[in-house]
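One structure is given here, and the rest of the page talks about it.
Remember, predicted model here, so these are calculated numbers, not experimental data. Order of the sequence lines fixes the chain letters, A, B, ..., with proteins taken first and strands second; residue numbering starts at 1 for each chain.
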There are 2 protein chains.
Amino acid sequence: MIFSKAIEYGIKASIYVAQQSMNGYRSNLKEISEHIDSPEAFTAKILQQLVKGGIIHSIKGAGGGFALEIKEIKKIKLADIVLALDADFLDSTCVLGLKHCSETNPCPVHHKYKGIKKETLYLLKNTTLLEMSTNLDKGLAYLKN
Amino acid sequence: MIFSKAIEYGIKASIYVAQQSMNGYRSNLKEISEHIDSPEAFTAKILQQLVKGGIIHSIKGAGGGFALEIKEIKKIKLADIVLALDADFLDSTCVLGLKHCSETNPCPVHHKYKGIKKETLYLLKNTTLLEMSTNLDKGLAYLKN
DNA sequence: ACTAAATAGGATAAAAATATCCGATTAAAA
DNA sequence: TTTTAATCGGATATTTTTATCCTATTTAGT
């Protein structure tokens with residue numbers, strides 16, 4: 001509905017890695033894709049992008065995996081993850097795809113949609129990995145079903 | 001951000017045809033794709049789907065084109081157009097793609113997103129072709145730029 | 001040192017979305 | 001009745017997204 005598969009997997013993977021990291025564990029690819037119910041090889045690519053984008057850390061070699069520090073978990077927002085996987089996600093935000101949709105040059109749904117757009121942006125920019133992974137940890141939310 | 005290209009074009013085409021119909025004109029493919037800034041052949045396919053889906057009417061042969069009746073323009077909602085082009089658009093509404101995301105089985109963003117989801121659904125189900133095409137007609141909104 | 005277990009990265013494949021082309025059909029107008 | 005201007009529908013092409021495979025590299029443990 002709103003995110004691509006790659007972004008969906010990327011967000012879920014980040015949340016899982018964060019939750020495991022909070023409990024002192026590092027996660028490997030197999031474990032991650034099992035827990036977020038995603039194709040392993042594709043998830044590997046996405047994890048690479050997240051590492052390159054500075055969202056998560058990778059540890060190579062036997063016993064390696066992916067991890068995050070608590071300080072980072074607190075700081076990283078949903079928007080950071082999304083942008084690491086699609087740099088111009090926040091650009092094309094007109095519902096009807098107009099390049100320059102604005103208050104003075106609106107598409108026919110602009111005014112009715114702008115509230116939703118604002119709330120969505122707020123959600124992305126203010127939701128932290130911490131709150132999402134905490135909910136997962138407490139059993140108040142799930143990454144698959 | 002939210003709709004596919006096909007749906008974007010479909011909505012814009014419907015709005016344009018509605019506006020023209022309100023002024024007593026019928027629109028043909030070439031004219032439509034010019035006014036909504038979309039690829040002609042692809043738009044033809046989308047118009048076919050809209051006709052099959054009962055959203056707009058087509059008139060074959062020379063001087064033909066596409067049109068709508070005022071009564072229909074008043075009745076048709078954004079959601080009707082969207083569903084004519086993607087029957088299960090309103091099904092997969094979990095931000096993280098969970099098959100069965102719900103109040104009791106929520107994904108980690110469910111509770112923060114549900115308000116937005118509700119408003120989006122409301123917008124789709126309550127915005128009429130009439131209001132969109134009227135705004136276009138009055139020069140208060142645009143289909144391209 | 002050697003082996004095993006991991007991520008990294010390049011090449012490729014498959015599927016879906018977007019887009020084009022062309023012949024068939026329809027209907028108005030000359 | 002012929003021509004012309006349209007939509008319809010099937011086949012195909014292109015592009016993007018999703019997904020897989022395989023080799024290289026790194027590192028822990030024996």
Side-chain angles (χ1 to χ4, degrees), chain A residues 1-14 16-17 20-21 25-34 36-68 82 84-89 92 96-97, chain B residues 1-14 16-17 20 25-34 36-68 82 85-89 92 96-97:
Chain A
M1 174 112 167
I2 161 163
F3 295 134
S4 65
K5 280 290 163 200
I7 291 181
E8 277 181 18
Y9 298 155
I11 294 171
K12 290 196 264 194
S14 301
Y16 179 76
V17 171
Q20 290 303 104
S21 293
Y25 301 115
R26 76 175 47 147
S27 326
N28 65 36
L29 171 61
K30 184 152 179 267
E31 192 194 340
I32 294 170
S33 55
E34 271 167 9
I36 72 174
D37 199 25
S38 67
E40 206 174 305
F42 190 41
T43 306
K45 293 297 181 199
I46 293 158
L47 289 168
Q48 274 182 43
Q49 290 186 72
L50 291 173
V51 171
K52 277 192 193 164
I55 303 297
I56 60 179
H57 300 289
S58 73
I59 304 94
K60 291 187 198 171
F66 301 90
L68 270 159
V82 170
L85 297 171
D86 178 359
D88 36 51
F89 182 87
S92 49
L96 297 188
Chain B
M1 174 113 168
I2 159 163
F3 295 134
S4 66
K5 282 290 163 200
I7 291 180
E8 278 180 19
Y9 298 153
I11 294 170
K12 290 197 263 194
S14 301
Y16 179 76
V17 171
Q20 290 303 104
Y25 302 115
R26 75 174 49 145
S27 325
N28 66 35
L29 171 61
K30 185 154 180 265
E31 192 195 340
I32 294 170
S33 55
E34 271 167 9
I36 73 174
D37 199 24
S38 67
E40 206 174 304
F42 189 41
T43 307
K45 292 298 182 200
I46 293 157
L47 289 168
Q48 273 182 40
Q49 290 186 71
L50 291 174
V51 170
K52 276 192 195 165
I55 302 296
I56 60 179
H57 300 288
S58 73
I59 304 93
K60 292 186 196 171
F66 300 89
L68 270 159
V82 170
L85 297 170
D86 178 359
D88 35 51
F89 183 87
S92 50
L96 297 188

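Between I7(A) and F89(A), some side-chain heavy-atom pair lies under the 4.5 Å cut-off. The shortest distance between side-chain heavy atoms of D86(A) and F3(A) does not fall below 4.5 Å. Side-chain contact check for L50(B) versus S14(B): some heavy-atom pair is nearer than 4.5 Å. Side chains of Y16(B) and E31(B) form a contact here, defined as non-hydrogen atoms less than 4.5 Å apart. Using a 4.5 Å cut-off on side-chain heavy atoms (C-beta onward), L85(B) and Y9(B) make no contact.
Residue Q48(B) places no side-chain N or O under 4.0 Å from the OP1 or OP2 atom of dT7(D). For S58(B), a side-chain nitrogen or oxygen approaches OP1 or OP2 of dC8(D) to under 4.0 Å.
Atom CD of Q49(A) is separated from atom C1' of dT7(C) by 15 Å (rounded to the nearest Å). The distance from atom NZ of K30(B) to atom C1' of dC8(D) is 20 Å, rounded to the nearest whole Å. With rounding to whole Å, I32(A) atom CD1 is found 18 Å from dA5(C) atom P. Computed from coordinates, the N28(B) CG to dT26(C) C1' distance equals 15 Å when rounded to whole Å. In this structure, L47(B) atom CG and dG9(D) atom P are separated by 13 Å, rounded to whole Å.
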- [ ] Quick one, give me the B/S/- string for nucleotides 15-23 of chain D, reading 5' to 3', where B means a protein heavy atom under 4.0 Å from the base and S means that only happens at the primed atoms, P, OP1 or OP2.
- [x] ---SBB---

- [ ] Quick one, give me the B/S/- string for nucleotides 25-30 of chain D, reading 5' to 3', where B means a protein heavy atom under 4.0 Å from the base and S means that only happens at the primed atoms, P, OP1 or OP2.
- [x] -BBS--

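Backbone-only engagement by L29(B) is indicated by non-hydrogen atom pairs under 4.0 Å involving sugar-phosphate atoms exclusively. The residue K52(A) sits close only to the backbone: its heavy atoms come under 4.0 Å of sugar-phosphate atoms, none of a base.
Interatomic distance, OG of S33(A) versus CD1 of I46(A), reported as 10.5 Å (0.5 Å rounding). Put simply, CG on L47(A) and CD1 on I56(A) are 4.5 Å apart, with the number rounded to the nearest 0.5 Å. The CD atom of Q20(B) lies 9.0 Å from the CD1 atom of I32(B); values are rounded to the nearest 0.5 Å. Taken to the nearest 0.5 Å, the CZ atom of R26(A) stands 10.0 Å off from the OG atom of S58(A).
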